[in-house]
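The structure under discussion appears below in the form of structure tokens.
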Amino acid sequence: MTRRDLFHKWLIYALGLLPVWLLDAYLLPRYPLFDVTPMLLPLAVAAVAVSEGAYAGTGFGLAVGLLWEVAYPAGFGGMVFGLALAGMAMGALAQYALSQSFWGYLLCSAGVLILLDGLRIARGLFTNFASLPAMLQVAIPECLWSLAWTPLLWLLFRAIYRRVGGTRLA
């Protein structure tokens, strides 16, 4: 692939991420379901990582983590590296252990959501923010509500992958 093809490919992925980010940042927080809003950006990283593989998942995770840290308050920089590592792990897992299908994507999405909420719970317990049952009352519905969005995000990023993914532009 030429540099121009690579630029075009990742520009299309970024344009696909734009409505997901707008939903995640502006629309869904205004209308929470049972006082819970979903996390869509990790699901987008999972979709690209499962489709494109470990290397592309790492780069996309790094970019989405940077977007997360810049766009949302109270960031500490950990999401940049966390989503990059998650993209690498999900891409490798989908390539070598699971299949690059919706079911592999669903498992990877569930794993990354459980990991992120588990880290939040650990941080909350360490800082005495709240009790474990109180944090689980938020984390479990958040994971389930986020997983309800997986079919839509899979269809979006799978359509992008079929158009420009892999080495299709070469």
Side-chain angles (χ1 to χ4, degrees), residues 7-52 56-87 89-91 94 100-121 123-124 129-130 134-165:
F7 180 77
H8 180 256
K9 172 183 173 176
W10 292 109
L11 177 67
I12 299 298
Y13 273 118
L15 289 175
L17 182 67
L18 184 64
V20 174
W21 175 64
L22 290 174
L23 268 173
D24 189 60
Y26 296 107
L27 188 62
L28 293 175
R30 292 181 183 260
Y31 307 106
L33 182 67
F34 303 115
D35 292 328
V36 174
T37 58
M39 291 188 292
L40 300 182
L41 292 180
L43 301 179
V45 172
V48 173
V50 167
S51 297
E52 290 281 349
T58 304
F60 194 74
L62 187 75
V64 172
L66 185 63
L67 171 69
W68 189 324
E69 291 294 341
V70 169
Y72 298 106
F76 65 97
M79 291 307 291
V80 175
F81 299 109
L83 284 180
L85 289 173
M90 288 182 290
Q100 292 177 310
S101 66
F102 176 73
W103 300 111
Y105 165 64
L106 188 63
L107 285 172
C108 288
S109 297
V112 75
L113 290 172
I114 289 169
L115 181 68
L116 286 174
D117 276 334
L119 290 173
R120 282 187 193 166
I121 289 172
R123 185 179 65 194
F129 178 72
M135 288 188 283
L136 286 175
Q137 282 182 335
V138 174
I140 291 171
E142 182 182 56
C143 284
L144 294 175
W145 182 219
S146 297
L147 286 174
W149 288 86
T150 54
L152 179 68
L153 269 72
W154 176 251
L155 290 174
L156 172 69
F157 284 103
R158 195 62 181 177
I160 293 171
Y161 177 76
R162 287 190 179 131
R163 180 77 178 169
V164 298

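- Separating the CZ atom in Phe157 from the CD1 atom in Ile12 is a distance of 12.0 Å, to the nearest 0.5 Å.
- Taking every heavy atom of both residues into account, Tyr161 and Ser51 meet most closely at CE1-O, 3.4 Å.
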Practice task
Evaluate side-chain contact (heavy atoms from CB on, under 4.5 Å) for Met79 paired with Val64, printing each intermediate quantity in order.
Solution key: CA-CA 9 Å; Met79 291 307 291; Val64 172; over 6 Å; no
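- Residues Ala86 and Val112 approach most closely at CB-CG2, 3.8 Å, considering heavy atoms.
- Remark: the Gln100 side chain and the Tyr105 side chain contain no N/O donor-acceptor pair separated by less than 3.5 Å.
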For residues 147-156, which side-chain donor-acceptor pairs fall under 3.5 Å, sequence neighbours excluded?
unit_1	atom_1	unit_2	atom_2	d
Thr150	OG1	Leu147	O	2.7

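- Here the OG atom belonging to Ser109 is positioned 5.0 Å from the CG atom belonging to Leu43, to the nearest 0.5 angstrom.
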Exercise for the section: Would you please test Phe102 and Arg158 for side-chain contact (heavy atoms from CB on, under 4.5 Å) and show each step? Expected result: CA-CA 9 Å; Phe102 176 73; Arg158 195 62 181 177; over 6 Å; no
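- Expressed to the nearest 0.5 Å, how far CG of Leu115 lies from CG of Leu85 amounts to 10.0 Å.
- We find the CD-NZ distance between Glu52 and Lys9 to be 3.5 Å, quoted to the nearest 0.5 Å.
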Extract all donor-acceptor atom pairs below 3.5 Å that involve side chains of residues 22-39 and protein atoms in other chains or at least two apart in sequence.
unit_1	atom_1	unit_2	atom_2	d
Asp24	OD1	Leu40	N	3.1
Asp24	OD2	Tyr72	OH	2.5
Arg30	NE	Tyr26	O	3.4

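- Within the structure, the salt bridge (charged side-chain N to carboxylate O under 4.0 Å, His left out) test picks out the following pairs touching residues 100-117 (sequence neighbours left out): Asp117-Arg120.
- What you find for Val50 and Ser101 is that their closest heavy atoms are CG1-O, 4.1 Å.
- Contact between Phe60 and Ala44 at its shortest, heavy atoms only, is CE2-O, 3.8 Å.
- Put simply, the side chain of Ile160 does not reach to within 4.5 Å of the side chain of Val48, judged on heavy atoms.
- Closest heavy-atom contact between Met90 and Ala46: SD-CB, 3.5 Å.
- Put simply, CD on Glu69 and CG on Leu67 are 10.0 Å apart, with the number rounded to the nearest 0.5 Å.
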